[in-house]
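The block underneath contains the structure these notes are about, expressed in structure tokens.
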Amino acid sequence: MAGLIAIPDASFFIRAQQSGDFHEYLSQPGLRLKVVIPRPVFWELDELRFKDDQAYIVREVRRRLEQLLRTQQTSGALVTYETDLETRLVREQPVGEQLVSYLVQRARRFPHDRFVLLSHDIAARNLALLSPDFQQLRNVHVSSLEEWPAAAEWLLAQAEPGTVAGWAIRLTQNVMQDVGDERFQGVRVSVACDISDFAFGEATVKIWFQDAATQVWLEDRNGQYETGGYVTLTDRLPVYSDRERYENTLFLPYDELHLNPGSHQISLAANILNPATGRQIGESGWAEFGYRERRPEVKLHAAAVQAVHLGERRDQRGEGVEISANFTVDSWRGRAGEMRVYFRDQATGEQLMDKNGRYVCDGGLVCAAERFVPGQEHARFRRCVAFIPLDELHLPDRTRRTLECVVTLWAAGHRREIAESEWLAFEVGEDEPRPAAPPPKA
């Protein structure tokens, strides 16, 4: 892996100091950069001390520089600093020539590293670019303060992606775990590896799933655990040093495999990506586990609806309609389910349409929904309640009318409903509409 090294001169320090904090300025591209300050830079800063118009700037630059060298050289920051004590001072030779000579010698000695000479002095930059020795090198770049973003992109393009070793994947099946406010059954995937010589500040860990028999990637259907339309687990890996150890355990609900009923052998593998370029750094071997997707069985015992009329009851969500269902589920432990209730006008038979996207299901129909997750293989929900405010039915007025609703039960991973009640009639509205409110007084 090539090291990314910047060699600044005093003029670059001064201009960077005038533009803002030098450390933050170099950190902007997200590089893990090592800044090497040869002794000629200190010498040049000392020489500039005697110029009255730059005396304060030079003192401040040197103070900050020495502070950075003391506190951040080994802190694992994105930008680290060091001095090269081997560089000898030659007072008779201009500092620009010394820096170019130093850069050529170091680039030859470390051909796998990538160097950027940072100089605001156009004469020093031209001296480097016109040097025959410099022109023979392929691992060096010259930049000014204004051109630094382009130089940072060059470093990123030249950097090798790093290496990953010591992969280990361990699976734990049939685990119950809380995800948000609900509890799901699924598989835990424990991943460990070592990443070394990675020049960027963060890597991305992804775990992919496929059918072991057909080697077809599992497609995602709801966007909850997906990358590019396929089922994945994703994690981030901050990289602060030349060698980082990654260890983490991720959880995937069985519902998110989106499998059809039957027995399946699932393969999974992990890889690490550079998020800036999408390039893969390393990939683990494959691990497998068997899983049997059972078809959920539901028995809907009863459903009831209660219209909450104006003036009779006030709910914290507003006045509206409350629908409850009594049902039993089998082969559904840890699986997310949903009760959806649709509505229609009894007189016309037309289903009510949503207008604001707050209570809506497929096809733009008004829908009240309530999720549930059984904690056992056999579970009974004696009163699963869905509520919808009266205003969300989008009725044309408050006139008393008869509506009907139907209760449907759905299982995650199944595209069709698995149980449905009869249409239940109820009344909403008032016998006589309320008089219109008087206009405000002028």
Side-chain angles (χ1 to χ4, degrees), residues 176-186 218-226 231 251-261 291 293-306 315 317-318 320-344 351-389 392-394 403-424 426:
M176 298 293 294
Q177 181 167 315
D178 292 333
V179 179
D181 297 330
E182 296 175 301
R183 194 168 184 81
F184 294 90
Q185 186 178 31
L218 300 187
E219 294 186 7
D220 178 82
R221 296 179 184 173
N222 58 9
Q224 296 297 316
Y225 295 81
E226 67 91 22
V231 176
F251 175 79
L252 181 73
Y254 285 139
D255 290 348
E256 298 300 332
L257 294 171
H258 303 290
L259 298 172
N260 295 322
Y291 173 66
E293 175 72 9
R294 289 171 290 185
R295 185 182 300 277
E297 297 179 2
V298 178
K299 184 177 181 181
L300 182 57
H301 303 291
V305 59
Q306 177 186 6
D315 188 276
R317 295 168 293 184
V321 180
E322 189 176 81
I323 307 95
S324 62
N326 181 340
F327 55 90
T328 304
V329 297
D330 283 301
S331 301
W332 211 346
R333 180 188 178 197
R335 175 184 297 281
E338 189 172 52
M339 182 178 81
R340 300 178 188 172
V341 185
Y342 299 92
F343 301 86
R344 72 183 182 188
Q351 290 191 260
L352 304 186
M353 303 298 295
D354 177 78
K355 296 181 180 180
N356 57 14
R358 294 177 181 174
Y359 288 78
V360 61
C361 293
D362 297 337
L365 301 174
V366 171
C367 173
E370 182 68 20
R371 290 171 63 85
F372 59 90
V373 180
Q376 306 294 331
E377 288 295 324
H378 177 86
R380 182 164 184 171
F381 292 82
R382 298 186 180 276
R383 192 170 185 271
C384 185
V385 177
F387 175 87
I388 184 169
E392 296 300 331
L393 294 173
H394 302 292
L403 301 179
E404 293 180 323
C405 69
V406 61
V407 177
T408 61
L409 298 178
W410 302 71
H414 291 258
R415 300 183 180 182
R416 298 175 62 89
E417 64 185 51
I418 54 179
E420 180 179 321
S421 74
E422 297 178 352
W423 285 91
L424 308 172
F426 62 98

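Only this structure's heavy atoms are used, side chains among them; waters, hydrogens and symmetry mates stay out. Quick caveat, the model's predicted, so the values are computed rather than measured.
- Residues that satisfy the disulfide (SG to SG under 2.5 Å) test with C367, not counting sequence neighbours, are C361.
- With sequence neighbours left out, F381 forms a ring pair (Phe, Tyr, Trp, His ring centres under 6.0 Å) with F327, F372.
- Taking the side chain to side chain contact (heavy atoms under 4.5 Å, CB included) definition, one finds that S421 meets it with L300, A303, V406, V407, sequence neighbours left out.
- Here the side chains of V321 and L393 are in contact, with some heavy-atom distance below 4.5 Å.
- Under the salt bridge (Lys or Arg N to Asp or Glu O under 4.0 Å) criterion, R294 pairs with E377, not counting sequence neighbours.
- Among residues two or more places apart in sequence or in another chain, the salt bridge (Lys or Arg N to Asp or Glu O under 4.0 Å) test is passed with R183 by D178.
- Applying the salt bridge (Lys or Arg N to Asp or Glu O under 4.0 Å) criterion to E256, with sequence neighbours excluded, gives no partner residue.
- Every residue two or more places apart in sequence or in another chain was checked for a side-chain hydrogen bond (donor to acceptor under 3.5 Å, both in side chains) with R358, and none qualifies.
- For F343, there are no ring pair (Phe, Tyr, Trp, His ring centres under 6.0 Å) partners, not counting sequence neighbours.
- A donor-acceptor pair shorter than 3.5 Å cannot be found between the side chains of H378 and T328.
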Given salt bridge (charged side-chain N to carboxylate O under 4.0 Å, His left out), test E322 with R383 step by step and report yes or no. CA-CA 11 Å; E322 189 176 81; R383 192 170 185 271; 3.0 Å; yes
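- Every residue two or more places apart in sequence or in another chain that forms a side-chain hydrogen bond (donor to acceptor under 3.5 Å, both in side chains) with T408 is listed here: W410.
- Under the side chain to side chain contact (heavy atoms under 4.5 Å, CB included) criterion, Q177 pairs with R188, F251, sequence neighbours left out.
- Here E297 pairs with nothing under the side-chain hydrogen bond (donor to acceptor under 3.5 Å, both in side chains) rule; sequence neighbours left out.
- With sequence neighbours left out, E226 forms a salt bridge (Lys or Arg N to Asp or Glu O under 4.0 Å) with no residue at all.
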